[in-house]
Amino acid sequence: MPELPEVEVVRRGLEKWVVGASFGEVEVLHPRAVRRHASGAADFAARVSGCGVTEARRRGKYLWLTLDSGEALLAHLGMSGQLLVQPRHAAAERHLRVRLPLTARQGHDPEAPQELRFVDQRTFGHLLVDRLVDDGTGTGLPSVISHIARDPLDPAFDEDAFAAALCRKRTELKRALLDQSLISGIGNIYADEALWMSQLHWATPTEALSRSQVATLLAAVREVMGAALAQGGTSFDSLYVNVNGESGYFARSLNAYGRNDQPCARCGTPIQRETFMNRSSYSCPRCQPRPRHARA
DNA sequence: ATGAGGACCTGCTCGC
DNA sequence: TGCGAGCAGGTCCTCA
């Protein structure tokens, strides 16, 4: 499931293959793919068709293409979404949801027309067209994601403000890490990996965290994400495919996630799986002891 | 206002 | 062999 590094790799792919091109006649094959576009599938297609693409941007797990109409084509990949650039006449993928034909641009062979495709098996992802608002630094941000916090790789990410907001929360640490309005880009896998690295239990009450623990945790988040990004957006999931259809999955040694009953790389104690928020959390019971004052 | 938990969705795997 | 249950989980929505 794509988290920040995977989405960034897709953004880079879009920057390379789509920026500078224009869209032809857009076709929505599954209405659920544009369910967040308030005025419907036909309006969505009309707003994108014919527009030129000027930039590919990202915040957390959201990415968007700025259009020469002044609006933005916003995408969230959900759990299984892919943005592929394919030859226009290539066979349709099984879960093809939206076709966005591309006009030839400099460097493209006009005899081999291409198409941006939104493919999504589980349909948790979506596309929509939105207006841009000022993000506070003069940069445009789609209005519907104005509640999404900056991500830890954003140069304007405010570490002090994050630490203060985190400690004001009255909840469990992992829930806060997954709260995209507090810090964006972190999903279940990177949350478990960052917690393992910083030797914190997922149920640690946020109000009990010291500033140095928050600093350690943030460094771990950046380390884990940076390492994945350096590998080209390791997703740990075979469903993840980058913009050219090349699998982004590489065997990567995870230290916690998915390693139930396997020895902790630090101390050898078997990693334990616990259910939390209706999903799995993996941690080392020795390196990451459950805090005595854990919630619930 | 804030936190907690369920719904959404499809495909795969496992056990009976 | 067939089939239902369980699992995967990001985000939005509702309820307390």
Side-chain angles (χ1 to χ4, degrees), chain A residues 1-8 10 29-38 58-64 74-83 92-98 118-128 130 142-149 151 164-195 202-209 221 225 228 233 235-241 248-249 254 256-261 272-283 293-296:
Chain A
M1 52 308 294
E3 298 185 30
L4 184 154
E6 291 74 32
V7 178
E8 172 60 17
V10 173
L29 303 173
H30 195 305
R32 191 173 148 78
V34 294
R35 67 193 178 284
R36 305 260 170 226
H37 184 82
R58 181 189 58 74
R59 172 175 285 197
K61 302 170 199 169
Y62 286 88
L63 57 86
W64 66 94
L74 179 68
H76 193 290
L77 302 177
M79 291 183 51
S80 56
Q82 304 170 346
L83 283 167
E93 290 77 8
R94 179 163 180 196
H95 301 292
L96 178 58
R97 308 303 189 190
V98 183
F118 180 62
V119 177
D120 190 10
Q121 177 203 111
R122 292 180 222 179
T123 70
F124 275 32
H126 64 274
L127 303 181
L128 62 80
D130 194 16
S143 70
V144 295
I145 61 163
S146 53
H147 65 292
I148 300 293
D151 59 66
L166 183 64
C167 298
R168 269 199 306 274
K169 285 277 180 187
R170 294 291 179 269
T171 189
E172 294 162 340
L173 179 53
K174 185 169 172 182
R175 185 181 280 276
L177 283 180
L178 297 177
D179 181 347
Q180 305 295 302
S181 67
L182 203 56
I183 183 170
S184 68
I186 305 174
N188 203 37
I189 298 174
Y190 293 109
D192 278 4
E193 291 301 301
L195 288 167
W202 53 264
T204 304
T206 47
E207 66 267 35
L209 289 167
V221 167
M225 285 184 170
S235 160
F236 328 121
D237 189 322
S238 58
L239 275 174
Y240 167 70
V241 175
Y249 177 85
L254 292 172
Y257 184 82
R259 289 180 46 85
N260 195 28
D261 293 333
Q272 67 178 359
R273 172 183 180 275
E274 296 166 284
T275 55
F276 160 73
M277 289 171 76
N278 272 335
R279 57 210 58 188
S280 297
S281 271
Y282 299 91
S283 61
H293 305 295
R295 296 174 164 276

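Computed from a predicted model, the values in this text were never measured in an experiment. Convention: sequence-line order gives letters A, B, ...; per-chain numbering from 1.
When all heavy atoms of A:Q180 and A:G185 are compared, the pair lying nearest together is OE1-N, 2.9 Å. Minimum heavy-atom separation, A:D130 to A:V144: OD2-N, 2.7 Å. Residues A:S184 and A:G60 come closest through the heavy atom pair OG-CA, 3.3 Å. Minimum interatomic distance between A:A75 and A:L127 (heavy atoms only, all atoms of both residues): CB-CD2, 3.4 Å. Nearest heavy atom pair, residue A:R97 against residue A:A33, reads CB-CB, 3.7 Å.
At least one donor-acceptor pair under 3.5 Å links the side chain of A:N188 to the backbone N or O of A:S280.
Place A:N278 and A:D179 on DNA chain B by their nearest nucleotides, and A:D179 ends up nearer the 5' end.
The nearest whole Å value for the distance from the CG atom in A:L182 to the C1' atom in C:dG10 is 16 Å. Taking atom CZ on A:R35 and atom P on B:dA7, their separation rounds to 17 Å, with Å as the unit. Atom CD of A:E207 and atom C1' of B:dT2 are 13 Å apart (whole Å). Atom CZ in A:F276 sits roughly 14 Å away from atom P in C:dA8 (whole-Å rounding). Rounded to an integer number of Å, the gap from A:F124 CZ to B:dC9 P is 8 Å.
Dashed line: the shortest gap from a side-chain N or O of A:S280 to OP1 or OP2 of C:dA8 is under 4.0 Å. In this structure, A:K169 reaches the B:dG3 phosphate: one of its side-chain N or O atoms is under 4.0 Å from OP1 or OP2. Residue A:R175 has a polar side-chain atom (N or O) positioned under 4.0 Å from OP1 or OP2 of B:dA4.
Looking at the side chain of A:R32, the nearest of the listed nucleotides B:dG6, B:dG5, B:dC9 is B:dC9. Distances were taken from every side-chain heavy atom of A:M79 (C-beta onward) to each of B:dG3, C:dA8, B:dC8; the shortest belongs to C:dA8.
Note on A:R273: only backbone sugar-phosphate atoms sit closer than 4.0 angstrom, heavy atoms only; bases stay farther off.
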Quick one: which protein N/O atoms are closer than 3.5 Å to N/O atoms of nucleotides 10-12 of chain B? Pair and distance per line, please.
from   : atom 1 : to     : atom 2 : distance (Å)
B:dG11 : OP1    : A:R94  : NH2    : 3.4
B:dG11 : OP1    : A:H95  : NE2    : 3.2
B:dG11 : O4'    : A:Q121 : OE1    : 3.4

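A side chain to side chain contact (heavy atoms under 4.5 Å, CB included) with A:T206 is found for one member of A:R175, A:K169, A:E172 and no other, namely A:K169.
Remark: A:K174 engages A:D192 in a salt bridge (charged side-chain N to carboxylate O under 4.0 Å, His left out) (not counting sequence neighbours). Listed by chain and residue number, A:D179 satisfy the side-chain hydrogen bond (donor to acceptor under 3.5 Å, both in side chains) test with A:S181 (two or more places apart in sequence, or in another chain). Residues that satisfy the ring-ring contact (aromatic ring centres under 6.0 Å, His included) test with A:Y282, not counting sequence neighbours, are A:Y257.
Each end of the helix from B:dT2-C:dA16 to B:dC16-C:dG2 gets its own axis, taken as the rotation carrying the C1' atoms of four end pairs onto the next four within a five-pair window, and the two axes meet at 50° to the nearest 10 degrees.
Aromatic ring orientation, A:W202 versus A:F276: tilted (interplanar angle from 30° to 60°).
Checked for salt-bridge contact, A:D151 and A:K61 miss the test: no charged N lies under 4.0 Å from a carboxylate O.
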Summary of protein contacts for nucleotides 11-16 of chain C, nucleotide by nucleotide, where a base hit scores B, a sugar-phosphate-only hit scores S (4.0 Å, heavy atoms): BSS---
